[in-house]
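Heads up: the structure comes next, in structure tokens.
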Amino acid sequence: MLEKATPLVELQHIKLAFGGIHAVDDVSIDLYPGEVVGIVGHNGAGKSCLIKVLSGAYQRDEGKILIEGKEATINNPRDAKAYGIETIYQTLAVADNVDAAANLFLGRELKTGWGTLDDVAMEAETRKIMGRLNPNFERFKTPVVALSGGQRQSVAIARAIYFNARILIMDEPTAALGPQETQQVGELIRQLKADGIGIFLISHDIHDVFDLSDRVAVMKNGRMVGTARTEDVTKDEVLGMIILGKCPPAAVPGPGAIVDA
Amino acid sequence: MFRGFIARAGIIGILVVSVAVLSVLSPHFLTVNNLTNILLQVAITTIIGVGMTFVILTGGIDLSVGAIVALAIVVMAVVHKALAPMEFGVFQWPIVIGLPMLLALLTGTLTGLVNGVMVARARVPAFIMTLGMMSMARGGAYIVSDNQTISVFPDGLTFLGDGRVGGIPMLIIASLVIVAFAAWVLGRTIFGRYVYALGGNRVALRLSGVNAARVEMSVYAISGLACGIASIALLGRLNVAQPVAGFGYELDAIAAVIIGGTSIFGGEGKVANTLLGALLVGIIRNGLNLLNVSPNVQLLAIGSIIVAAVFLDKLRDSARA
């Protein structure tokens with residue numbers, strides 16, 4: 001089924017270097033609608049850098065990005081948003097000093113007929129979407145600094161899906177959360193998947209990745225070790241890919257794989 | 001918002017106490033003349049403080065405001081004196097009065113914009129950039145005026161500083177209008193929202209697709225524009241333009257903003273409270289004058305107040321974290 005469709009996103013031969021360091025070296029990866037692709041690897045393996053190229057936060061040195069088969073120009077976060085690419089960052093990129101509605105609409109504020117901020121409409125929309133995502137959320141008028149990690153994360157997720165994201169990048173979405181909140185985020189990912197949204201899930205936590213992903217892609221030292229359907233590989237095999245760069249038979253090896261180790 | 005309320009209640013309390021104490025200590029304090037005088041001085045601090053509030057809300061600082069006032073005031077005076085003897089027929093007023101005022105506003109705005117570009121684009125720390133600009137603009141003011149004091153201007157040029165509308169000094173009306181307008185911009189417009197967000201989390205703002213550098217540049221230009229307006233007011237009030245004008249104004253403006261409860265770390269504060277902060281600084285200065293406290297001790301006092309206000313702000317921040 002996946003083979004027939006055009007991939008939602010294709011990253012082809014992406015390279016990104018800082019000074020002499022190759023943070024991302026010749027990495028290719030794709031993502032289909034309604035699919036969750038987990039990207040795993042050690043700290044500094046290049047996962048976050050790769051994904052920041054797609055979200056427009058970094059500019060790639062080489063390589064192509066295709067969205068639905070067409071080459072896309074992504075030079076900054078605004079370009080990425082125009083393609084329906086939304087990112088939920090590890091560091092919870094919210095403005096702490098303003099409230100949930102202000103964060104949800106940051107950069108895309110609703111305006112009154114006079115061109116001024118329409119806080120009433122923004123709060124109403126925020127209540128609507130938060131009611132769906134996190135019915136317990138009630139602190140609409142407080143600066144988000146006063147909210148819990150999970151509440152802040154739900155604000156960030158609400159922001160992404162409110163604007164009809166087709167491609168969602170989640171960079172360690174559960175790193176700052178407790179177990180119950182992590183479970184909530186998991187539910188949410190399944191819900192978004194059912195809506196046909198493609199998700200890149202970046203995580204340290206291999207259990208999360210196995211629970212939620214259809215495919216897993218492993219990076220090591222800025223290179224792609226390989227990708228595999230989660231059902232075809234074991235956790236131990238994936239750990240072998242992460243630690244040793246060794247590609248099991250069921251996986252498609254990438255340029256970073258150690259052949260016949 | 002709670003913080004704003006406490007700040008406001010706190011300052012109003014201190015204001016009331018100061019007024020009461022000074023009324024007892026000096027018979028000259030509670031006179032119409034003296035109070036008007038305070039309000040006029042406060043009006044200029046307020047106007048500069050409004051611009052400063054924008055800058056500090058983004059987490060920046062503008063040390064060059066006093067020097068920008070001096071540069072703008074001498075540009076205005078020199079251009080006016082050069083044009084005044086000439087005949088322009090029906091355009092006499094716009095050219096001789098209007099053009100110098102416009103140039104004062106432009107000088108302020110452009111100087112502020114230079115600060116903004118260097119801070120936002122070249123990433124020179126705001127403290128260093130505006131410290132350098134403090135020296136550059138002051139030097140420019142000496143050069144433009146050729147070290148001369150320029151005095152005696154026609155009514156049109158001095159109207160903002162010493163005119164009255166319905167018996168109320170124009171300057172007081174103007175400063176209130178400016179505060180109200182700034183409060184509207186910060187509270188109701190998208191730009192205002194970005195100013196707060198920039199002070200809260202610059203990266204979040206940028207990742208939201210907002211041109212954060214442009215917002216940052218704008219706040220310094222606004223601060224410069226406020227200095228331009230203040231220079232017109234000062235020229236009218238004193239009927240004199242000199243290159244030493246505005247000396248030390250940055251201190252009062254920053255004090256007004258910080259005492260008004262705006263966080264020096266950015267992201268929190270209200271421009272209306274800057275007005276209260278300016279009022280408190282003005283009353284303290286005036287009181288010290290009436291009590292014959294030497295200007296040297298006044299400097300000491302204002303400096304200590306700024307440090308104390310920032311220290312309290314820091315305490316409040318760590319208490320919350």
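Predicted model only: the values in this text are computed from it and were never measured. Side-chain atoms are counted along with the backbone in the values below, which use heavy atoms only and exclude waters and symmetry mates. Naming convention: chains lettered A, B, ... in sequence-line order (proteins, then strands); numbering from 1 in each chain.
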*Ion pair present between A:Lys141 and A:Glu123, side-chain N to carboxylate O less than 4.0 angstrom?*
yes

*Checking heavy atoms, do the side chain of A:Asn103, its backbone, both or neither come under 4.5 Å from chain B?*
neither

*asked:* Less than 6.0 angstrom separating the ring centers of B:Tyr220 and B:Phe54, yes or no?
replied: no

*Report, by ascending residue number, the residues of residues 175-190 of chain B in heavy-atom contact with chain A at a distance under 4.5 Å; give 'none' if the set is empty.*
B:Trp184, B:Gly187, B:Arg188, B:Thr189, B:Ile190

*Is the Lys NZ or Arg CZ of A:Arg127 less than 6.0 Å from the centre of A:Phe140's six-membered ring, within 45° of the axis?*
yes

*Tell me, for A:Arg108 versus chain B, whether the close heavy atoms (under 4.5 Å) come from the side chain, the backbone, both or neither.*
backbone

_Between A:Asp118, A:Leu117, A:Val98, the one whose heavy-atom pairs under 4.5 Å with chain B are most numerous_ = A:Leu117

*asked:* Show, in sequence, the C-alpha distance, side-chain angles and deciding distance for B:Arg202 and B:Leu205, and conclude whether the side chain to side chain contact (heavy atoms under 4.5 Å, CB included) test is met.
replied: CA-CA 5 Å; B:Arg202 165 188 303 271; B:Leu205 185 64; 5.8 Å; no

*Which residue out of A:Asn97, A:Thr112, A:Asp119, A:Asn76 racks up the most heavy-atom pairs below 4.5 Å with chain B?*
A:Asn97

*Counting distance only, does the side-chain N/O of A:Glu109 pair as donor-acceptor with the main-chain N or O of A:Gly107 below 3.5 Å?*
yes

*B:Phe191 portion near chain A, given a 4.5 angstrom heavy-atom threshold*: neither

*B:Thr109 side-chain N/O to B:Leu105 backbone N/O, donor-acceptor pair under 3.5 Å*: yes

_Point-to-point distance, once rounded to the nearest 0.5 Å, from CG of A:Asp30 to CG of A:Leu11_ = 8.5 Å

*Take B:Ser64 and B:Asp62, measure what side-chain hydrogen bond (donor to acceptor under 3.5 Å, both in side chains) needs, and give me the verdict at the end.*
CA-CA 6 Å; B:Ser64 63; B:Asp62 189 348; 2.6 Å; yes

